[in-house]
Amino acid sequence: MVEAAAEILGPGRVTVLSKSDDPAALELWAAGRVASRATGQVSLAARTPAFAGMLLREGLASDPDLIISTHANFSPVARTLFRMRRIPAAIAAHGIEVWDMAAGRTRDSLIAADTILPVSDYTKSRLMHELNMPDDRFQVIPDTFDPIRFSPTPAPAGLRDRYGLKASDQVLLCVSRLVVSEQYKGYRQILEVLPSLTRKIPSLKFVLV
């Protein structure tokens, strides 16, 4: 998104504010294409308020044409800037962080945003129903990747041996955070039905990352 915006708008028009990046590393990545600020050098305990403060200061000082918040948790800052300076905001919505949201500032700020940017049609449909918002308030922008840096290639030598996989095996791959609050992703159910699946498909192997 940043690279596309910088290409369309030209130099000096895009500023990236990052909570977790190291400022020097982010500046190296930006390479003069965009301006950058970050709070990754701040301790974890103080980083969230430090970043929120930076967002507010930068928004008031630079008076941007548009704010894009890539996480809903910072949408209240965008709403504050809209109230103070009438700066429009678009809020990204990834998944579990915006599903079944309790009443509060983040939910209210999502509803007040000019545009919500869900990464999938599923998240869009959930938010339309849960927030009672019309279709025209959403624009789905899927997560992207650089096909030059990331593309399918043959497996590295020894990778199959490391996990006991034969070339003839059919591999079911699941990449997921293993946390109690996200069991809805279904890896436990896969483990439960795996014995019956392998009876039907003896060459099946399940790899959980």
Side-chain angles (χ1 to χ4, degrees), residues 1-7 16-22 25-26 28-31 33 38 40 44 47-48 51 68-75 90-102 106 110 115-131 135 138-209:
M1 183 184 292
V2 170
E3 291 174 354
E7 182 177 331
V16 175
L17 307 177
S18 171
K19 175 184 173 183
S20 298
D21 283 304
D22 176 80
L26 183 62
L28 185 64
W29 170 83
R33 297 170 300 171
L44 283 175
R47 190 175 300 169
T48 293
F51 182 62
I68 300 177
S69 176
T70 57
H71 199 288
N73 285 355
F74 291 99
S75 58
I91 312 298
H94 299 276
I96 190 172
E97 86 283 3
V98 294
W99 299 342
D100 302 318
M101 293 186 69
T106 302
L110 269 179
T115 306
I116 297 179
L117 307 173
V119 300
S120 67
D121 288 319
Y122 177 74
T123 291
K124 172 187 172 181
S125 64
R126 283 195 64 146
L127 288 178
M128 286 179 63
H129 173 72
E130 294 174 10
L131 302 181
D135 180 85
F138 297 86
Q139 176 64 56
V140 175
I141 300 182
D143 288 327
T144 62
F145 66 96
D146 183 348
I148 296 176
R149 294 181 60 198
F150 302 99
S151 59
T153 61
L159 183 63
R160 285 183 175 272
D161 292 339
R162 184 189 308 170
Y163 297 106
L165 302 173
K166 300 175 183 177
S168 58
D169 286 336
Q170 298 184 60
V171 179
L172 175 60
L173 174 68
C174 176
V175 181
S176 174
R177 288 190 294 184
L178 303 181
V179 293
V180 173
S181 61
E182 297 186 16
Q183 293 189 46
Y184 70 91
K185 293 183 176 179
Y187 44 81
R188 181 183 295 274
Q189 286 85 345
I190 294 176
L191 291 170
E192 290 174 350
V193 301
L194 204 57
S196 60
L197 289 175
T198 53
R199 283 194 292 271
K200 296 179 180 179
I201 312 173
S203 60
L204 180 66
K205 295 295 190 302
F206 179 40
V207 177
L208 177 59
V209 180

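None of these values were measured; they are calculated from a predicted model.
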To the nearest 0.5 Å, what is the distance between [atom1] ([X]) and [atom2] ([Y])?
{"X": "L17", "Y": "F74", "atom1": "CG", "atom2": "CZ", "result": "11.0 Å"}
{"X": "R199", "Y": "I201", "atom1": "CZ", "atom2": "CD1", "result": "12.0 Å"}
{"X": "T106", "Y": "I91", "atom1": "OG1", "atom2": "CD1", "result": "10.0 Å"}
{"X": "L172", "Y": "L197", "atom1": "CG", "atom2": "CG", "result": "8.0 Å"}
{"X": "S176", "Y": "Y187", "atom1": "OG", "atom2": "OH", "result": "5.0 Å"}

What closest approach, in Å, do [X] and [Y] show between heavy atoms, and which atom pair accounts for it?
{"X": "K124", "Y": "P118", "answer": "CB-CG, 3.6 Å"}
{"X": "D146", "Y": "I148", "answer": "OD1-N, 2.9 Å"}
{"X": "S69", "Y": "S75", "answer": "OG-N, 4.1 Å"}
{"X": "G40", "Y": "R47", "answer": "O-NH2, 3.1 Å"}
{"X": "E97", "Y": "H94", "answer": "OE2-N, 2.6 Å"}
{"X": "S18", "Y": "F51", "answer": "C-CE1, 3.3 Å"}

Could you tell me if the side chain of [Y] sits less than 4.5 Å from the side chain of [X], heavy atoms only?
{"X": "W29", "Y": "V2", "answer": "yes"}
{"X": "I116", "Y": "V98", "answer": "no"}
{"X": "E130", "Y": "M101", "answer": "no"}
{"X": "K205", "Y": "Y163", "answer": "no"}
{"X": "T144", "Y": "M1", "answer": "no"}
{"X": "L208", "Y": "L178", "answer": "yes"}
{"X": "I68", "Y": "L117", "answer": "yes"}

Worksheet item: Does the pair D21 and V16 meet the rule for a side chain to side chain contact (heavy atoms under 4.5 Å, CB included), with working shown?
Response: CA-CA 11 Å; D21 283 304; V16 175; over 6 Å; no
Item to complete: Step through the shown structure and confirm whether more than 12 heavy atoms of other residues, nucleotides or ligands are within 6.0 Å of CZ on F206.
Response: yes
Discussion item. With side chain to side chain contact (heavy atoms under 4.5 Å, CB included) as the test, pick out the partner of V140 among T123, V119, D121.
Written reply: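 Exactly one candidate clears the test, D121.
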Worksheet entry | Under 3.5 Å: donor-acceptor pair, side chain of D169, backbone of V171 |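 No, because the side chain of D169 does not come within donor-acceptor range (under 3.5 Å) of the backbone of V171.
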Worksheet item: Between the main-chain N or O of Y122 and the side-chain N or O of S125, is there a donor-acceptor pair closer than 3.5 Å?
Response: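 Here the side-chain-to-backbone pair exists.
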